[in-house]
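Here the structure is a predicted model, which is why all the values come from computation and not from measurement.
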Amino acid sequence: GSLARPAVNGQAEWSDGRYLPVGLPHVVDRVRALALFYPDAVVLDRFAADFAGGKLQGTGRVDLPGDSKALAYRFEVAAREVAPRWPAGWQLRGDADLVLASSEEGRQLRGDIRFDRVWYLQDLQLTPAQLVQRLLSRGRLEVAETDELLSTTSLALVVHGPGAVRVRNNVARLSGSADLAVRGTLARPVLFGDVTLESGGTVEYGGNRYVVERGEIAFLNPSRIEPLLDVVAHSRIDQYDVTLNLNGSLERLNTTFSSDPPLADLDILGLIATGAPVERAAFSEVAPAADTTADSGAAEALLYGQAASLLTARVGKLFGFDRLQVKPLTSGDTVSTAAITVGKRLSSRLYVTYSLDPSSTAQQVLQAEWRLSDNLVLVLTQNGNESYAVDARWESRF
């Protein structure tokens, strides 16, 4: 050809190459590839590499622009048993068949992604309440300049993960499945589909364990990624069976409570925050001021309960207690005293708790729970007044 319009023929081969993708903790290693050059096209005859513990294979073709045609390309990549540790805290593993092809608007990335592992194993330093508050907080919206390459790359991906979702950390032990479609562009991806949680998973909050009866996270918004929650969980707190129902988006989350035996909503909130209904947890023996309403006392109890939750989470983890609970008792707008409960499981059948109210020696209680069988528990109690009690508790569910 000529310098203005060169014509290239031949081939190029790579062996034992390496590529470091920006922003990923993995290397595309042992790259082997063969490219064939023609006057009007470049053909990627074969491509193979190691990536994130798995294998990559691909082919492709680039049609060079000419007098009557524009640049066009198509690349196909198959990933097998790839296990990237990205994003941070996640462990993924699965297969994928992807196609990147040019289009009139730019390009399109389409294909199928099949996960057999979607694990989140990183401990959370925030309590669930703090995490929800951060998610619900309205941050200042900053408009950034959009990358033209990202905005002109459309997405048509299908993601399957039957039984692949696992959450195992200090807050939750959950399992589930994912069935999603990714649309939009790389600049503004949109999710459709749902993540379904299996019943029987657990979430820890305020020293209580909640068992998930039903859980689904749906994505239906065509303009942005907006998860819609539908979660029902229950817990045994004190002598009450508490059921929580979370429904709606994170911005408009509807929460309903119920208990057995029945309690008012404020009492259930106090039960969740402090381990006792508001009317028992919010007030000490000192009578409240005449102008103090029940609602303000309930609000104070919940605020003190959240502060106590932060304290118990940190101290309990530091000293290795199975249970450490601070129940602040308020009088008016001040904290009059705080009941402290420490619990430790000595064996699979023996659990010991010690409760202390600094304002009264009679409120010092040492209790040992000895599980004789799945349904029968023997409770030995020593009170602060040197009295003793032995109780047998039979548990049965209908």
Legend entry - Ion pair check, Asp230 and Arg214, cut-off under 4.0 Å: yes

Legend entry - Within 6.0 Å of CZ in Arg166, more than 12 heavy atoms from elsewhere: yes

Legend entry - Electrostatic pair Asp95:Lys55 at N-O distance under 4.0 angstrom: no

Legend entry - Carboxylate-amine/guanidinium contact Arg114 Asp116, below 4.0 Å: no

Inset, instruction - Walk me through it: do Val190 and Val182 pass the test side-chain contact (heavy atoms from CB on, under 4.5 Å)? - result: CA-CA 6 Å; Val190 177; Val182 185; over 6 Å; no

Inset, instruction - State, to 0.1 Å, how close Ala12 and Phe37 come at their nearest heavy-atom pair, and which atoms those are. - result: CB-CE1, 3.7 Å

Inset, instruction - Quick one: closest heavy-atom pair of Arg85 and His26, and the distance? - result: N-NE2, 2.9 Å

Legend entry - Shortest non-hydrogen contact between Gly163 and Ser177, atoms and distance: N-OG, 2.7 Å

Legend entry - Residues Glu369, Arg393: salt bridge by 4.0 Å N-O rule: yes

Inset, instruction - Under the side-chain contact (heavy atoms from CB on, under 4.5 Å) rule, what do Ser199 and Glu213 come out as? Steps first, then yes or no, please. - result: CA-CA 5 Å; Ser199 61; Glu213 294 182 0; 5.6 Å; no

Inset, instruction - For Arg80, look at atom CZ and say whether over 12 heavy atoms of other residues, nucleotides or ligands are found less than 6.0 Å away. - result: yes

Inset, instruction - Look only at the side chain of Asn169 and the backbone of Gln122, and say whether a donor-acceptor pair between them is shorter than 3.5 Å. - result: yes

Inset, instruction - Decide if atom CZ of Arg183 counts as having more than 12 heavy atoms of other residues, nucleotides or ligands within a radius under 6.0 Å. - result: yes

Legend entry - Side-chain H-bond candidate by donor/acceptor type, His160 with Asp112, under 3.5 Å: no

Inset, instruction - Treat each ILVMFWY residue as a node, draw an edge where side-chain heavy atoms are under 4.5 Å apart, and state whether Tyr19 and Leu44 are in one component. - result: yes

Inset, instruction - For atom CZ of Arg168, decide whether the heavy atoms of other residues, nucleotides or ligands shown that lie under 6.0 angstrom number more than 12. - result: yes

Legend entry - Considering all heavy atoms, the nearest Val211-Gly200 contact: CG1-CA, 4.0 Å

Legend entry - Stepwise side-chain contact (heavy atoms from CB on, under 4.5 Å) test for Asn247 and Leu229: CA-CA 5 Å; Asn247 188 276; Leu229 304 181; over 6 Å; no

Legend entry - Thr196 and Glu216: side chain donor to acceptor below 3.5 Å: no

Legend entry - Enclosure of Glu81 CD (heavy-atom neighbours >12, cutoff 6.0 Å): no

Legend entry - Backbone N/O of Arg30 and side chain of Arg32: donor-acceptor pair under 3.5 Å: yes

Legend entry - Test side chain to side chain donor-acceptor pair (under 3.5 Å) applied to Thr152 and Arg107, Glu105, Gln108, the passing residue: Arg107

Legend entry - Under 3.5 Å donor-acceptor, Ser259 side chain and Pro261 backbone: yes

Legend entry - Sidechain-backbone polar pair: Arg188 side chain, Ser223 backbone, donor-acceptor under 3.5 Å: yes

Legend entry - Side chain to side chain, Val212 and Leu174, heavy atoms closer than 4.5 Å: yes

